[in-house]
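All remarks here apply to the structure that follows.
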Amino acid sequence: MFDLTGRVALITGGNGGIGLGMARGLAGAGATVAIVGRDAAKNARAVAELGAGCIAISADLTEPGRADAVVAEVVEKTGRLDILVNNAGTNIRATPDVITDEQWATVMDTNLTSAVRMSRAAYPHLVASTHGRVISTGSMMSQFAIEFSPAYGASKGGIVQYTRNLAVAWGKHGITANALLPGWVETDLTRPNMASLNEKVMPRTPLKRWGSPDDFAGIAVFLASDASSFLTGAAIPVDGGFSIQG
């Protein structure tokens, strides 16, 4: 039920953090994994870890036309595309009164617009697959807000709604679309602020720890596999219980 042998997964932002955690899970379940990231050196390290058959493409997905080129290259090299993981993301800490147009556009283009472009480019291949899956990384910030992340929260709220649109529009082709809502996870983005946030994070997290990228391996395999064939349009918190704590 969880075997992904013979299937190809493309993961944006797959060379580190949550994306690499999902890549480890999918590769471990038998999928051929193609990771996309801007940093060629990080891409190479990720591929070396993931093992034979996995590939990497260096690309900036905020550039128009790059999504189409990336999908075409993956299909050319692997022969198919079954699973798209929209995980590329960034954040710029700035309150709503000072965030600039450029900062807003950077976050939205990276987090949301790239997912729209990648999904559109992947669509014909997901239709051709007998196992089309779209998994997108949202955030707990799509459920509630903090003052210094207006663009990030808006982009991740957009991911959740876009996921629902995909589920409704593409379900007739057997394609499922679901979103993950990570909580506080130790990554390159959050590590510099962990010490200052600990007093807020730990008391409200029932599992009493920060998440790790490997906490996303299992849920990625579940959403990519036959085990979730009747689940679509969902936004699933993966946050150690943070979002339900009063």
Side-chain angles (χ1 to χ4, degrees), residues 1-15 18-37 43 46-47 49-57 59 61 66-88 114-138 159 162-180 213 216-236 238:
M1 186 176 289
F2 295 96
D3 185 11
L4 299 178
T5 301
R7 294 168 186 169
V8 175
L10 189 166
I11 306 178
T12 68
N15 60 12
I18 291 171
L20 183 55
M22 289 193 280
R24 292 183 186 119
L26 296 176
T32 296
V33 175
I35 61 172
V36 181
N43 289 349
V47 167
E49 176 186 338
L50 294 172
C54 296
I55 63 172
I57 299 171
L61 295 175
R66 288 299 286 148
D68 296 291
V70 163
V71 169
E73 184 173 346
V74 169
V75 173
E76 180 183 0
K77 290 180 175 179
T78 67
R80 59 186 297 150
L81 178 58
D82 305 278
I83 303 153
L84 171 65
V85 182
N86 292 311
N87 175 73
S114 72
V116 174
R117 289 170 173 165
M118 289 298 298
S119 300
R120 187 172 58 217
Y123 172 70
H125 306 287
L126 298 177
V127 172
S129 169
T130 58
H131 189 87
R133 299 284 189 267
V134 181
I135 304 167
S136 298
T137 303
I159 283 286
Y162 183 65
T163 296
R164 292 172 179 147
N165 291 149
L166 291 182
V168 171
W170 295 357
K172 60 181 174 287
H173 300 297
I175 300 169
T176 67
N178 294 286
L180 299 177
F216 293 82
I219 188 69
V221 172
F222 170 65
L223 291 178
S225 73
D226 293 339
S228 63
S229 61
F230 201 55
L231 176 64
T232 195
I236 303 171
V238 187

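These numbers come from a predicted model, not from an experiment. All values below were derived from every heavy atom in this structure, side-chain atoms included, with hydrogens, water molecules and symmetry-related copies excluded.
- The distance from atom CG of L26 to atom CG of L223, rounded to the nearest 0.5 Å, is 9.5 Å.
- Of all non-hydrogen atoms in A59 and V70, the two that sit nearest each other are CB-CG2, 3.7 Å.
- Summarising the geometry, atom OG belonging to S228 is positioned 10.0 Å from atom CE belonging to M1; distances are rounded to the nearest 0.5 Å.
- Contact between A29 and F2 at its shortest, heavy atoms only, is CB-O, 3.7 Å.
- The nearest pair of heavy atoms linking G14 to A46 is O-CB, 4.4 Å.
- The side-chain heavy atoms of V8 and H125, taken from C-beta on, include no pair separated by under 4.5 Å.
- Partners of T163 by side-chain contact (heavy atoms from CB on, under 4.5 Å), not counting sequence neighbours, listed by chain and number: S136, I159, A177, A179.
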Take I35 and C54, measure what side-chain contact (heavy atoms from CB on, under 4.5 Å) needs, and give me the verdict at the end. CA-CA 8 Å; I35 61 172; C54 296; over 6 Å; no
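- Inter-residue side-chain proximity for F216 and T137 is flagged as unmet; no heavy-atom pair is nearer than 4.5 Å.
- At least one side-chain heavy atom of L20 sits under 4.5 Å from a side-chain heavy atom of E49.
- Sorted by first then second residue, the salt bridge (Lys or Arg N to Asp or Glu O under 4.0 Å) pairs that include residues 1-12, not counting sequence neighbours, are R7-D226.
- Between I18 and V238 there is no side-chain heavy-atom pair separated by less than 4.5 Å.
- With sequence neighbours excluded, no residue forms a salt bridge (charged side-chain N to carboxylate O under 4.0 Å, His left out) with R164.
- Interatomic distance, F230 CZ to T176 OG1, rounded to the nearest 0.5 Å: 12.0 Å.
- With rounding to the nearest 0.5 angstrom, the OG1 atom of T12 is 7.0 Å from the CG atom of L84.
- Residues meeting the side-chain contact (heavy atoms from CB on, under 4.5 Å) test with A217, sequence neighbours left out: none.
- Taken to the nearest 0.5 Å, the CZ atom of R133 stands 7.0 Å off from the OG atom of S225.
- Expressed to the nearest 0.5 Å, how far CZ of F222 lies from CG of N178 amounts to 8.0 Å.
- For the side chain to side chain donor-acceptor pair (under 3.5 Å) condition, the pairs that include at least one residue of residues 70-80, sequence neighbours left out, are E73-K77, R80-D82.
- Minimum heavy-atom separation, A56 to N43: CB-CB, 3.7 Å.
- Between A121 and A67 the shortest heavy-atom distance is CB-O, 3.9 Å.
- Heavy-atom minimum distance, A9 versus L81: C-CD1, 4.4 Å.
- At a threshold of 4.5 Å between non-hydrogen side-chain atoms, the residues L166 and I175 do not count as touching.
- Under the salt bridge (Lys or Arg N to Asp or Glu O under 4.0 Å) criterion, no residue pair touches residues 114-128, with sequence neighbours excluded.
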